[in-house]
Amino acid sequence: MRDRVVVIDYDAGNLRSVARALAHVGADPIVSADPAEIAAAGALVLPGVGAAADTMRNLRERGLIEPIRDYIAAGRPFLGVCMGLQALLERSEEGGQECLGVLPGEVRRFPAAPGLKVPHMGWNTVEWRFDHPVTEGIPSGSYFYFVHSYHPTTPDPALVLGETEYGVRFPSVLARGYLVATQCHPEKSGRDGLRFYANFVRWAREGAPMPAAAAAP
Amino acid sequence: MLTRRIIPCFDVDRGRVVKGVSFVQLRDAGDPVELARRYEEEGADELVFLDITASAEDRVTTYDMVAATAEQVFIPFTVGGGIRTTADMKIMLELGAEKVSINTAAIQEPDLINSGADRFGSQCIVVAIDARRVEGVPGRWEVYSHGGRMPTGLDAVEWAVEAARRGAGELLVTSMDTDGHQQGYDVELLRAISEAVPVPVIASGGAGGPEHMAAALTDGRADAVLAASIFHFGTYSIRQVKEHLAARGIPVRPVPPAEDTP
């Protein structure tokens, strides 16, 4: 089924929460680690929490790295959440871990600063840098739930759909073509988070036109 | 900007909310799912369920409650009470809890913090600390276990530091001196712990009104405040608390306006 939303099953902690949010917005997702299901997905979602090394090991052990790379390379609808974003970059400072390298950039630890608690845990604002189908109806500066100790960076400003500030300003939502990835957890971000999932599902299904890249405001 | 969190807490026994919740317009004030949804709409940033179910056989009711909550509530929630092993943690996290809270089990077997953090990530391991002032020794608090019934000899600040070092992603700090009195949190305790650890601290015990929460978040350096009675009895709404805190310049997530859900 070409319009099937597939959530990648690799023992990620937020797997069920992501699937529940997708179900809530009417996506009827399946949870699978089967490369054939992944190849046939209408939209693919990579959840993830925890450590970078565990994430990459779990993906590798399940033979998921090539199927994910191939799927993304074909330019098809993809959503990464939290560690599912970090895994897309080239590498992570967390244990010097090599990641998928689908997007340019690396993952860095929050800087040590007085009063800056790590993990970055709680609701923080995300400011949109350009218009995109997944942010429709969600005002710039809306609050999303975050919980992470490492943050993404990228040398390519055209990829930065959303930005958040916590000690440093970091790209909290990345987008390129039909790929979107969020450091925050829309599945735990109340109504705006559900709207984000609903937008993603509709965009993936309808094959909405590509957003105009980085038409910066 | 990262906002300070307001966290209602429920005591749950055999899948039902206990300790009289007197919300108006609720069909069933003992239904955790209905209450959780209500609080989500009102702007709660997270929820904590403390399971006080005594018998292991009845724990299945807790599992049902956690699963039902996760189906319908889309903000993070923590489950504590009765979690003694990583297997217990796994059940709660898989059912949909964002975090698990451990207290007595962590004191008895501190390695449980490490193994939980290694297996599931620090972000979902909350260590709850019940502390009481040591009489005659200013600036010292002793940790109590077993729901506050047993003194442990542990210094609360030292235990907090150790718990964070072992991998706790967050500490839930309850003052037994102020708990239940609604006269304010133990700000000195909160500050002592918050300044000693690199992880977020949730203040608990003693909330009587928004001014107490403001004190915990400013002077106490807490990252979040937990309260039960003042919300459950309708003394203050979450909106009122947030408006008070915002007026004091404390960053909070505004209560979302009531409208259609996607």
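The structure presented is a predicted model; accordingly, all values stated were derived computationally and were not measured. Each chain gets a letter, A, B and so on, in the order the sequences are listed, and its residues count up from 1.
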Enquirer: Under 4.0 Å between a Lys/Arg side-chain N and an Asp/Glu carboxylate O for B:D111 and B:R166?
Expert: yes

Enquirer: Does any heavy atom of chain A fall under 4.5 Å from the side chain of B:D118, the backbone, both, or neither of them?
Expert: backbone

Enquirer: Let me know if A:R16 has heavy atoms under 4.5 Å from chain B in its side chain, its backbone, both or neither.
Expert: side chain

Enquirer: Side chains of B:D51 and B:T62: do they bring a donor and an acceptor to under 3.5 Å?
Expert: yes

Enquirer: Which of the residues A:E165, A:E187, A:H185 is involved in the greatest number of heavy-atom pairs with chain B at under 4.5 angstrom?
Expert: A:E187

Enquirer: Counting N and O atoms only, with roles assigned by atom type, does the side chain of B:Y39 sit under 3.5 Å from a partner on the main chain of B:E34, one being a donor and the other an acceptor?
Expert: no

Enquirer: For A:D192, is it the side chain, the backbone, both, or neither that has a heavy atom closer than 4.5 Å to a heavy atom of chain B?
Expert: neither

Enquirer: So which part of A:H148 gets closer than 4.5 Å to some heavy atom of chain B, the side chain, the backbone, both or neither?
Expert: neither

Enquirer: Pick from B:R221, B:Q72, B:E71, B:E94: which one has the most heavy-atom pairs with chain A under 4.5 Å?
Expert: B:E71

Enquirer: Using non-hydrogen atoms only, which part of A:T125 is less than 4.5 Å away from chain B: side chain, backbone, both, or neither?
Expert: both

Enquirer: Locate the shortest heavy-atom distance separating B:T69 from B:F77; write the atom from each residue and the value.
Expert: CG2-CE2, 3.9 Å

Enquirer: Verify the ring-centre separation between A:Y166 and A:F110: is it less than 6.0 angstrom?
Expert: yes

Enquirer: At a heavy-atom separation under 4.5 Å, does B:S194 approach chain A through its side chain, its backbone, both, or neither?
Expert: both

Enquirer: Any ion pair linking B:D45 and B:R4 (charged N to carboxylate O, less than 4.0 Å)?
Expert: no

Enquirer: With a 4.5 angstrom heavy-atom cut-off, is it the side chain or the backbone of A:A51 that approaches chain B, or both, or neither?
Expert: neither

Enquirer: Tell me whether the NZ or CZ atom of B:R253 lies within the 45° cone about the ring axis of A:Y143 and under 6.0 Å from its centre.
Expert: no

Enquirer: Output yes when B:E98 and A:K188 qualify as a salt bridge under the 4.0 Å nitrogen-oxygen rule, no when they do not.
Expert: yes

Enquirer: Under 4.5 Å heavy-atom distance to chain A, tell me which part of B:Q123 shows up: side chain, backbone, both or neither.
Expert: both

Enquirer: Side chain from CB out, backbone as N, CA, C, O: work out which of these in B:R5 comes under 4.5 Å of a heavy atom of chain A, or both, or neither.
Expert: side chain

